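Notes follow the structure.
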Amino acid sequence: MQERPKRNAISLGVNNKMKAAARGLSCVVVALVLLSAISCARQDATPAQQNPNNWWKNAVIYEIYPRSFQDSNADGIGDLNGITSRLDYLQGLGIDAIWLTPIYPSPQVDFGYDISDYDNIDPQYGTLADFDRLVAEAKKRNIGVIMDLVLNHTSDKHPWFKESASSRTNSKADWYMWRDPKMVDGHREPPNNWLSVFGHSAWQWDPVRQQYYYHRFYIQQPDLNWSNPEVRKAMYDVERFWIQHGAAGFRLDAITALFEDPSDTDEPYVLGPDGKPKINVYGDKEVDSSKTDNLPEVHDVLRELRQVADQTQGHKVVLIGETYLRSVDDLRKMYGPHDDELDLPMDMQVGFPPYGVTLASVDWFRQRINEAETGIGGEMPLFVFDNHDNPRWDRWVTSDHKDDVGRVIATVLFASRDTAMMYYGDEIGMATTPPTRKEDVKDPIGITGWPKQKGRDGERTPMQWNDGADAGFSPAGVKTWLPIPPSYSTINVTSEQNEQDSMLHWYQQIIALKKQDPALHDGAETMLNTGDGHVLSWLRKSDNGEAVVVACNFSDQPQTVSFDLSGQGIHGTNVKTLMKTPGATDPASLGSIQLGAFGVYIGQVQ
Ligand code: GLC
């Protein structure tokens with residue numbers, strides 16, 4: 001594995017000190033050029049900024065896991081004031097919006113995805129006033145704040161559930177999914193074989209109601225009954241509440257899971273190659289989710305959510321869906337037949353492919369990215385490669401070209417025609433750091449599934465701001481809620497701001513290009529050299545005729561590519577480099593572009 005050089009100021013010799021000073025100066029120059037480019041871009045607003053209804057198109061959305069971004073009150077947990085204090089950094093990165101995973105009051109079993117009050121802020125994270133200040137400060141910097149809306153389930157400590165569970169006759173008796181047991185040989189059993197995503201039966205017995213309730217996720221996250229109009233009304237009120245508090249949009253959690261098949265019958269088992277049911281990491285026989293996921297009724301709710309969002313005046317409220325769908329047809333349906341459902345269903349096919357797909361599968365990536373361009377009726381794709389539920393980008397790394405792989409992924413994410421969703425820490429190359437002992441695990445699935453499933457702590461570690469104690473996340477000496485990964489001494493914002501070839505500079509530059517370069521901003525996309533088994537290449541072409549080629553070497557061997565664009569109606573054969581990795585050449589023509597292992601080249605056709 002290629003390690004970054006460890007920087008040790010004390011042991012630097014005089015020559016090295018001078019070199020370091022020169023490097024520091026050149027970095028300042030690079031940073032100034034970038035900053036002035038970025039501030040120019042903000043004055044000459046991009047097309048998206050000029051049209052407030054389109055701000056989310058071709059935008060960059062930055063996911064923040066609030067517990068882990070910045071602790072402002074020395075309790076080892078990140079909070080809203082911490083995020084506000086980092087807005088200048090985020091503006092410098094060039095992002096358009098932040099998505100906050102849930103910050104509502106919660107028992108925190110699923111770290112906020114178990115909500116006990118939808119109209120407030122968990123005191124761990126701050127107050128409603130802190131939220132309002134975050135929104136106002138973000139707005140000054142052209143950054144929208146996107147809330148996470150968890151509609152499928154509440155916490156079992158939510159007053160709605162407490163009431164619902166108290167009897168079979170209370171006013172909320174039908175707000176959740178209650179079912180009678182199945183009696184087998186005089187024994188009580190769950191109504192069917194449906195499984196929780198987090199392991200074992202999705203049905204939990206309630207001794208008071210003498211019934212089971214359904215929970216797709218943890219036992220402490222009972223599913224709401226979306227067939228009940230009162231549930232819908234209550235949740236649309238929540239949507240309105242946060243729009244009134246300035247939310248720029250919502251990421252709709254687990255949105256495909258809202259409805260279950262009313263027949264309550266068993267789901268078919270997923271069979272392995274031996275014809276027997278596959279066993280998942282929790283030891284359960286896998287079922288196919290056909291009766292519990294992506295039922296057609298979801299679309300009615302999406303339209304209703306859209307109507308509520310569209311009633312707000314002044315700014316477009318964007319609706320993003322957590323949509324782990326495996327076909328482009330299902331993805332297309334999520335936009336609605338009349339563009340009246342989701343604005344941005346997440347395309348999880350490109351960034352989270354099925355088991356077995358690796359970076360060696362160039363054809364697979366080409367096909368999926370091309371489908372997003374041609375198979376969703378011209379809608380805006382939303383690509384995601386990283387989030388708080390999956391190992392970080394380093395899951396792709398199989399050779400010792402770690403950072404190079406990071407640059408390839410960032411290039412696919414930002415140079416494609418898409419809205420790009422990134423995860424905090426990606427921009428400095430933060431890697432997955434899973435717990436090494438079961439007793440250290442915080443995420444309950446890591447306890448249930450240990451050691452096969454270590455949980456999601458590894459991708460939720462505190463942001464690495466600097467090389468001081470606690471990495472600048474908490475004041476030095478505070479015990480942080482998850483440990484700071486040892487890599488913080490070299491992988492951190494401050495160090496990378498001073499390193500010319502850092503991942504952070506790659507991100508800043510490519511995001512700036514996505515915003516400013518007409519072809520890379522919203523130009524049409526065409527795959528090039530489609531027979532190439534190692535290099536993924538594509539063309540971006542703007543309405544005004546600007547053409548940009550992008551080439552990403554997905555292999556650990558140097559590659560050479562050439563492009564003949566005459567079939568695309570482009571006759572120029574010269575090229576001007578916009579960005580490239582150190583191992584790539586700076587070619588004059590499209591005839592021969594050399595790429596190092598996992599190298600990237602982006603050039604404007606002349
Ligand atoms: C979504 C969230 C995940 C959470 C689950 C249950 O998948 O991303 O973190 O555990 O929903 O709310």
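Bear in mind the structure is a predicted one, so any value in this text is a computation, not a measurement. Position 1 is the first residue of the sequence, and the numbers go up from there. Numbering of ligands and ligand atoms starts at 1, following listing order.
Using modelled atom types and a 3.5 Å distance limit, the side chains of Tyr176 and His158 yield no donor-acceptor pair. For the residue pair Ser263/Asp261, the side-chain donor-acceptor check at 3.5 Å is satisfied.
Between Trp242 and Phe250, the distance separating the two ring centers is not shorter than 6.0 angstrom. When ring centroids are compared, Trp481 and Phe473 stay outside the 6.0 Å threshold.
For the pair Arg179 and Trp203, the cation-pi criterion (under 6.0 Å, within 45° of the ring axis) is not fulfilled.
Every atom of ligand 1 is numbered from 1 in the order shown, and the set under 4.0 Å from a heavy atom of Arg251 is 2 (C), 8 (O). Those atoms of ligand 1 with a heavy atom of Phe198 less than 4.0 angstrom away are 10 (O). Close contacts of ligand 1 with His153, meaning ligand atoms under 4.0 Å from a residue heavy atom, involve 6 (C), 12 (O). Less than 4.0 angstrom separates some heavy atom of Asp110 from each of these atoms of ligand 1: 4 (C), 5 (C), 6 (C), 10 (O), 12 (O). Within the listing of ligand 1, atoms 1 (C), 7 (O), 8 (O) sit less than 4.0 angstrom from a heavy atom of Glu322.
Residue contact annotation: Arg456 has a non-hydrogen atom under 4.0 Å from ligand 1.
Ring planes of His153 and Phe217: tilted class, angle from 30 to 60°. Ring geometry for Tyr213 versus Phe161: interplanar angle over 60°, hence perpendicular rather than tilted (30 to 60°).
Counting heavy atoms under 4.0 Å from ligand 1, residue Glu63 does not touch it at all.
Annotation: atom 11 (O) of ligand 1 to nearest protein heavy atom, Asp253 OD1, 2.8 Å. In terms of protein heavy-atom proximity, atom 9 (O) of ligand 1 is closest to Asp389 OD1, 2.7 Å.
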